[in-house]
Structure formats: C-alpha cells, structure tokens
Amino acid sequence: MPLQLNDSSSANFIQEIIENDIKSGKYNGRVHTRFPPEPNGYLHIGHAKSICLNFGLASQYNGLCNLRFDDTNPVKEEAEYIDSIKTDIKWLGFDWDDRLFYASDYFEKFYEYAVQLIMDGNAYVCDLTPDQIRQYRGTFKTPGKDSPFRSRSVDENLDLFSRMKKGEFKNEEKVLRAKIDMSSPNLNMRDPVLYRILHETHYRTGDTWCIYPTYDFAHCISDSIEGITHSICTLEFEDHRHLYDWVLDTLGIYHPQQIEFARLNLSNTVMSKRRLLDLVKQGLVTGWDDPRMPTLSGLRRRGYTPEAIRDFCDRIGVAKRNSIVDVALLEHCIRENLNKTAMRVMGVLNPLKMVIVNYPDDKEEELDAVNNPEDPAMGTRKIPFSKVIYIEKDDFLEDPPKKFFRLALGREVRLRYAYYVRCVDVIKDDTTGDILEIHCTYDPETRGGSSPDGRKVKGTIHWVSAAHAFDAEVRLYDHLFKEKGSDSDGKSDEMALNKDSLITLHSCKLEPGLKEAEKGDIFQFERVGYFCVDNRVSSPGHPVFNRIVTLRDSWKKIKNRQRQ
RNA sequence: UGGGGUGUCGUCAAGUGGUAAGACACGGGUUUUUGGAGCCCGCAUUCGGAGGUUCGAGUCCUCCCACCCCAGCCA
C-alpha cells in the first residue's frame with residue numbers, strides 16, 4: 001500500500017503542481033523525484049521531511065524516487081556517511097530499489113557538457129583569483145564587471161579546460177565560468193563558476209579528477225540525466241532556479257522543474273549542521289546519535305518510531321513560508337503511536353519504600369496485569385507482590401494540596417492491579433526529617449484492585465515488589481533548549497542549553513520481567529512515560545532505559561496552576 | 001534605497017471572488033483500576049496595514065509595512 005501524504009486533507013502546493021502537470025500531459029504524466037543528500041553529515045528530522053515529501057509524492061502518484069548522493073565536493077564528503085544515510089532512509093520506511101545514484105558517476109558527462117558549453121561560446125576559462133572574482137561580481141546594488149578573460153577564443157578555452165582536467169594548474173588558478181550576464185540583478189547569473197580545480201582525493205573517484213563541477217552545474221544535469229520531473233529543494237535555492245533553467249536550456253537537454261519549499265524548523269532545538277556539530281564537538285551531547293539530537297539516529301536511539309516521524313511529516317504540511325513547528329506536535333505523534341503499541345509495565349523511578357504492615361511477612365503472590373488496554377490481543381502477565389514494595393516518591397505527600405488524589409497519611413489509594421492500601425504511619429530520619437518509609441495496611445478483600453463493598457478510591461499508583469525488583473539505570477531526556485526558538489529565528493546562537501536535558505537515574509525499581517528487555521524494546525511505564533532500551537550502552541541482562549516522552553500529565557498542570 | 005520569496009488563531013496549515021477547514025497547544029466537561037487513552041464542548045466577526053474595484057474581497061487592483069534568502073572556486 002502506498003504511503004499517502006495528507007490522505008484526507010487538501011493537497012499542498014506541490015501536489016497541486018504535479019496534479020496539473022499530470023492533467024496537462026507534461027512529462028507524459030510521469031512523476032519522478034529524487035532525494036539528493038550530500039554525504040557530509042548525518043540525516044536529521046528536517047531531512048525526514050524532504051524524504052517523506054519526495055518518496056511520498058512518488059508513491060502517491062505511481063512514480064519513482066531516486067536516492068542520489070550529491071557528491072561533487074571531495075573536500076567535504078566521506079564514504080562513512082553513505083551507509084548511515086542509507087540506513088536512515090530505509091529505517092524511515094522508504095526504498096529506492098535499484099535507483100541508487102551518485103553525482104560522481106556523471107563526472108564524465110558533466111565534463112562533456114562543459115565542453116559543449118565552451119564550444120557554443122557559453123562558457124570560458126577565467127584566471128581571476130577568488131578574491132578578484134568576488135570584486136568583479138559587484139554587489140547587490142552595483143553591477144559586476146566582465147572578466148578580462150571573458151572573450152577568450154573557443155579554442156583557447158578548450159585547450160585551457162582540458163589542461164585544467166589534466167592537472168596542469170594549481171587550485172584556484174583557473175575556473176570554468178558560464179558566460180551569462182555580469183550585470184544581472186540575480187548574482188547567481190553573473191558568470192557563475194561551473195568547475196573548479198581541486199587537487200583532492202574523492203572518496204569514490206579517487207584521483208581520477210582534479211576538477212569538480214559546482215552544485216549549480218551538476219545538480220540540474222544530474223536531474224536531467226535521471227529524467228527527474230519535479231526537482232524539489234528548499235527555499236534558499238529559489239535564486240538558483242534561473243541558473244538551473246539556463247544551464248539546461250542552453251545545453252538543450254531534458255528539463256525537469258525545480259520547486260522550492262520551506263525547510264523544517266523545530267522548536268526547542270537546532271537543525272543546522274553547524275549548530276549540531278557544535279553540540280557534538282563541545283561535548284554537550286555524547287555524539288550524533290545522542291538521544292537528545294534531532295538526527296534520525298538520535299531519534300531512533302531515543303525510541304522514536306518511523307511511523308511517528310512519518311505521521312509528523314504528514315501533519316506539518318508543505319508550504320513556502322518559514323516557520324517553526326512546535327516540538328509538542330512531534331511528541332504528540334510518538335505518544336499516539338506508542339499508546340496503541342507499547343507494552344505496559346510498572347517501574348518506579350524515584351523509589352519510596354512502603355511496608356504493608358498487615359501483610360504476612362513471607363507471603364508472595366502473583367497478580368494479573370494487562371499488557372495493553374488499547375490492545376487486548378497483547379494479553380496479560382503476572383507480577384509479583386509482597387509485603388515490602390516501592391512506590392514513587394511523588395505519590396506520597398505529607399501535606400497534600402487540594403485535588404491531590406494520591407497517598408497521604410490516613411488516605412487510601414489503589415495499588416495498580418493489587419490492593420487498596422491505607423497509610424498509617426510515616427517513618428522519618430530523626431536528624432534530617434527525610435521520609436524513610438511509609439507504613440500502610442491493605443484490605444485483603446480488594447485483591448485485583450476493586451472492593452466488594454463498592455468503596456471507591458480516587459487514586460491509583462504504581463509499585464514494584466522490593467524483593468523482586470530489578471534495578472536499572474533510566475535516563476530522562478528533555479528538550480535540548482528551553483526556549484521555543486530554532487535556527488530560523490536568528491536567536492539560536494544565544495539560546496541557552498537546557499541543563500536538565502539529561503537526568504540519569506540509577507537503581508530505579510522495575511518489575512522483574514524487564515531484566516530480559518532487549519535493545520530497542522519499547523515500554524510504557526504506567527503513569528510515567530514511554531521508554532526505550534538504549535541500543536548502545538545496554539547489554540544482555542543490563543538494559544538501560546531512555547525516556548522517549550512523558551505521558552501527558554494533567555496533575556502537573558493543576559499543580560502549576562495552584563502554584564500561581 | 002538590486003533581485004528572489006513570504007505574511008490567515010499561541011504553533012503549524014487549508015482557503016483559488018460567495019461570506020474563515022483541520023491539527024497541535026490551551027480551557028472546560030464526561031468517562032476511567034494509568035490524573036494515560038477515549039469521548040464531548042469551547043477556542044480568528046477576521047486574514048500584516050491602508051485605500052480601491054465588486055451586490056459580495058483572505059482571495060482582484062494600488063500603495064505601504066514586516067520578515068526570510070542571495071555578493072563560496074559550499075550544497
């Protein structure tokens with residue numbers, strides 16, 4: 001079944017363009033897109049938007065989407081990124097089948113097209129230094145000046161260009177430039193550089209080449225070669241469209257249509273490679289796959305599912321205006337996904353010991369618990385209960401405020417799937433006053449959690465039997481930045497890092513079955529949140545849990561309101 | 001005061017001259033052995049601003065304002 005974008009909502013502007021093109025018979029009704037990453041870094045959720053868009057459009061209109069590595073700059077690109085990019089795209093749920101391409105595979109063709117441009121008098125070899133080229137280009141307000149090398153003969157250009165290829169010149173000594181218009185109001189049209197000399201080993205072509213095409217020359221031709229119909233890119237390339245069109249038109253070759261959309265910005269995080277790299281380099285995160293990172297590898301490690309990310313990409317829409325999407329929407333998507341699929345389990349993050357004084361000392365029993373109330377097919381399991389258990393510190397308050405439904409001295413609550421318990425005593429440290437443990441009595445009649453006399457309790461709390469508990473490390477993650485901002489608002493450099501973006505808890509008390517949890521397993525710790533077994537630091541018998549996202553917490557809201 | 005874009009709810013986002021979808025967030029209610037989930041209700045008399053055209057304008061016209069992108073031999 002094809003993955004559908006906006007299946008029930010209205011078409012976005014790109015879908016509209018495509019539908020019109022299909023109707024008018026442009027490209028004979030074909031739809032062929034491509035996702036063209038440069039192998040110089042890790043994919044993040046912004047790329048996911050582009051991947052979902054390109055592959056989604058292709059699937060929606062019975063077309064194809066290529067994966068093409070845009071590898072025309074040997075200085076920046078490395079083979080190690082190829083695999084991670086492929087892994088991430090597949091993980092997201094998309095497949096390029098046999099259409100894996102590399103711009104570097106077209107180097108020979110690019111060269112031939114460049115020669116054609118020269119022969120037609122549309123390109124020339126220029127000896128200006130980078131600095132001089134900049135000066136000759138002019139400014140926003142002043143037109144540029146023609147390069148003194150602009151009028152070289154075709155033969156001389158041909159000779160020089162082939163000698164550039166042979167390696168007779170040093171970096172920056174010569175470039176091949178398009179001959180367009182040095183007074184164009186669009187700076188991209190002021191005789192842009194098409195080829196530069198780079199004595200550099202390319203990760204795929206090795207030392208075969210020492211001249212490399214620029215993006216503007218390579219990208220449009222790559223699209224043309226592959227028969228792309230709709231070449232979708234981000235807004236900053238709008239100005240480049242004129243050049244895209246110029247190259248293809250003057251070469252007289254197949255001409256795809258470039259369409260630009262706004263890239264994704266997410267609140268409380270940053271997306272630019274530079275800022276992400278800063279975080280890694282400064283050791284503010286543990287790496288590109290740190291569970292707090294918006295990279296796909298980070299989100300995967302955190303426990304985000306491909307389904308949730310695809311759903312998110314569908315919901316944010318596609319448009320041309322710059323915007324910052326609230327990270328709350330992403331969190332909504334993963335909650336909605338996991339609510340239906342995650343196994344429920346009990347885990348106490350900040351343990352408080354509870355002794356059930358009227359429960360027999362050495363008695364143990366097995367209670368039935370539902371694995372997922374949203375999906376009865378997931379069945380039930382047994383959980384051990386005994387005299388001493390742990391509950392969450394937050395679930396007991398000596399001085400409970402209004403609307404606090406949990407445990408307090410004299411109050412009765414339900415222990416989930418177990419019994420009603422009433423707090424009869426609070427044991428404190430004489431010197432510090434800290435609560436050491438609480439004493440409760442239980443009502444044997446309420447086994448399973450309901451009372452034969454119809455007596456109701458307002459609160460239900462989770463617990464883990466002390467004797468059976470499995471101790472584990474749990475990592476609580478929060479947004480990288482406290483402010484709602486993102487890259488695009490220009491404030492991201494000043495945004496303060498959230499110092500509490502990672503809180504590591506040791507010896508959390510989890511129900512015993514969790515000891516066997518394996519890397520990548522996802523659970524809902526009831527009343528707390530969704531957790532995923534870390535795929536790096538966990539080992540058999542020693543799972544480490546990452547908090548993916550908390551459960552919605554209406555008590556927290558009430559509490560915060562009361563505080564105001 | 002160069003060129004290219006964009007301005008509709010707190011945040012995304014529909015709307016294509018006929019009287020402002022939807023989602024998230026937020027608020028209220030209902031239900032509940034997760035204060036989870038579910039369900040119900042509320043949430044832009046107004047579309048960056050000002051004029052104009054029209055029986056009728058978020059949609060058309062004019063002027064203005066704000067914001068984003070471009071002066072890499074990066075992509």
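Lettering follows sequence order; numbering is per chain, from 1. Keep in mind that what you see is a predicted model, and the values were worked out from it rather than measured.
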Inset, instruction - Answer with base, sugar-phosphate or nothing: what part of the nucleic acid does Ile558(A) contact at a heavy-atom distance below 4.0 Å? - result: base

Inset, instruction - Under 4.0 Å between any heavy atoms, over every strand shown, what does Lys320(A) touch: base, sugar-phosphate, or nothing? Just pick one. - result: sugar-phosphate

Inset, instruction - Quote, to the nearest angstrom, the P distance that separates rG18(B) from rC61(B). - result: 16 Å

Legend entry - Asp368(A)-Thr380(A) side chain donor-acceptor pair, cut-off 3.5 Å: no

Inset, instruction - Please evaluate the base of rG36(B) for a donor-acceptor partner in the side chain of Glu374(A) within a cut-off of under 3.5 Å? - result: yes

Inset, instruction - Using a 4.0 Å heavy-atom cut-off across all strands, classify Leu128(A) as base, sugar-phosphate, or nothing. - result: base

Legend entry - Ring-base stacking, Phe140(A) with rC70(B) (5.5 Å, 30° cut-offs): yes

Inset, instruction - Look at Arg196(A) and rC74(B) and indicate whether a side-chain polar atom (N or O) is within less than 4.0 Å of OP1 or OP2. - result: yes

Inset, instruction - Check whether any side-chain N or O of His202(A) sits under 3.5 Å from a backbone N or O of Asp71(A) as a donor-acceptor pair, and report yes or no. - result: yes

Legend entry - P atoms of rG10(B) and rG27(B), separation to the nearest Å: 15 Å

Legend entry - Separation between the P atoms of rC24(B) and rC41(B), rounded to whole Å: 14 Å

Inset, instruction - For nucleotides rC63(B) and rU19(B), find the distance between their C1' atoms and express it as a whole number of Å. - result: 27 Å

Inset, instruction - Side chain of Asn339(A) only, please: which of rU34(B), rC74(B), rA37(B) is the nearest? - result: rA37(B)

Legend entry - rU1(B) phosphate, OP1 or OP2, under 4.0 Å from Lys141(A) side-chain N/O: no

Inset, instruction - Please work out if Asp70(A) contacts a base, only the sugar-phosphate, or nothing of the nucleic acid, heavy-atom cut-off 4.0 Å. - result: sugar-phosphate

Legend entry - Under 3.5 Å on both distances, the Watson-Crick or G-U partner of rG42(B): rC26(B)

Inset, instruction - Determine: side-chain N/O of Arg335(A) to OP1/OP2 of rA37(B), distance under 4.0 Å, yes or no. - result: no

Inset, instruction - State whether the distance check finds a donor on one side and an acceptor on the other, under 3.5 Å, for side chain Asn186(A) versus base rG4(B). - result: no

Legend entry - Nucleotide opposite rC55(B) in a Watson-Crick or G-U pair, distances under 3.5 Å: rG18(B)

Inset, instruction - For the side chain of Trp555(A), starting at C-beta, report the closest nucleotide among rA37(B), rG72(B), rG35(B). - result: rG35(B)

Legend entry - Between rC12(B) and rG28(B) - C1' atom distance, rounded Å: 24 Å

Inset, instruction - Determine: side-chain N/O of Thr72(A) to OP1/OP2 of rA75(B), distance under 4.0 Å, yes or no. - result: yes

Inset, instruction - Give a yes-or-no answer on whether the side chains of Asp216(A) and Tyr244(A) include a donor-acceptor pair shorter than 3.5 Å. - result: no

Inset, instruction - Ignoring backbone atoms, establish whether His332(A) has a side-chain N or O less than 4.0 Å from OP1 or OP2 of rC24(B). - result: yes

Legend entry - salt bridge (charged side-chain N to carboxylate O under 4.0 Å, His left out) assessment of Arg204(A) paired with Asp105(A): CA-CA 9 Å; Arg204(A) 289 190 81 239; Asp105(A) 283 346; 2.9 Å; yes

Legend entry - Spacing of the C1' atoms in rG35(B) and rU8(B) (rounded, Å): 36 Å

Legend entry - Distance between P atoms of rG58(B) and rG52(B) (Å, rounded): 15 Å

Inset, instruction - Determine the contact category for Glu16(A): base if any of its heavy atoms lies under 4.0 Å from a base atom, sugar-phosphate if only primed atoms, P, OP1 or OP2 are that close, otherwise nothing. - result: base

Legend entry - Ser323(A) vs Phe405(A), nearer the 5' end of RNA chain B by closest nucleotide: Ser323(A)

Legend entry - Paired nucleotide for rU1(B) [Watson-Crick or G-U wobble; both distances under 3.5 Å]: none

Inset, instruction - Return the nearest nucleotide to the side chain of Val175(A); candidates are rG35(B), rC73(B), rG3(B). - result: rC73(B)

Legend entry - Presence of Arg137(A) side-chain N/O under 4.0 Å of rC73(B) phosphate oxygens OP1/OP2: yes

Inset, instruction - Just call it for Tyr195(A): base, sugar-phosphate, or nothing, with non-hydrogen atoms closer than 4.0 Å on any strand. - result: nothing

Inset, instruction - Kindly determine whether Asn40(A) and Glu77(A) satisfy side-chain hydrogen bond (donor to acceptor under 3.5 Å, both in side chains), including the steps that lead there. - result: CA-CA 5 Å; Asn40(A) 72 342; Glu77(A) 294 141 9; over 6 Å; no

Legend entry - Given RNA chain B, 5'-ward residue of the pair Ala418(A) and Thr214(A), judged by closest heavy atom: Ala418(A)

Inset, instruction - Tell whether Arg552(A) reaches the base of rG35(B) with its side chain through a donor-acceptor pair below 3.5 angstrom. - result: no

Inset, instruction - Could you check which nucleotide pairs with rG7(B) in any of the strands shown, counting Watson-Crick or G-U wobble with both distances under 3.5 Å? - result: rC65(B)

Legend entry - Salt-bridge present (Glu200(A), Lys76(A); N to O < 4.0 Å): no

Legend entry - Short side-chain N/O contact from Arg177(A) to OP1 or OP2 of rC73(B), under 4.0 Å: no

Inset, instruction - Tell whether Arg321(A) reaches the base of rU8(B) with its side chain through a donor-acceptor pair below 3.5 angstrom. - result: yes

Legend entry - Gap in Å between the two P atoms, one belonging to rA14(B) and one to rA23(B), rounded: 15 Å

Inset, instruction - Check whether any side-chain N or O of Arg561(A) sits under 4.0 Å from OP1 or OP2 of rG28(B), and answer yes or no. - result: yes

Inset, instruction - Indicate yes or no: does Arg190(A) engage Asp181(A) in a salt bridge with an N to O separation below 4.0 Å. - result: no

Inset, instruction - Please answer whether the main-chain N or O of Arg263(A) pairs with a side-chain N or O of Thr234(A) as donor and acceptor at a distance below 3.5 Å. - result: no

Legend entry - Sugar-phosphate, base or nothing in reach of Lys557(A), heavy atoms under 4.0 Å: sugar-phosphate

Legend entry - For rG72(B), glycosidic torsion class - syn if within 90° of 0, otherwise anti: syn

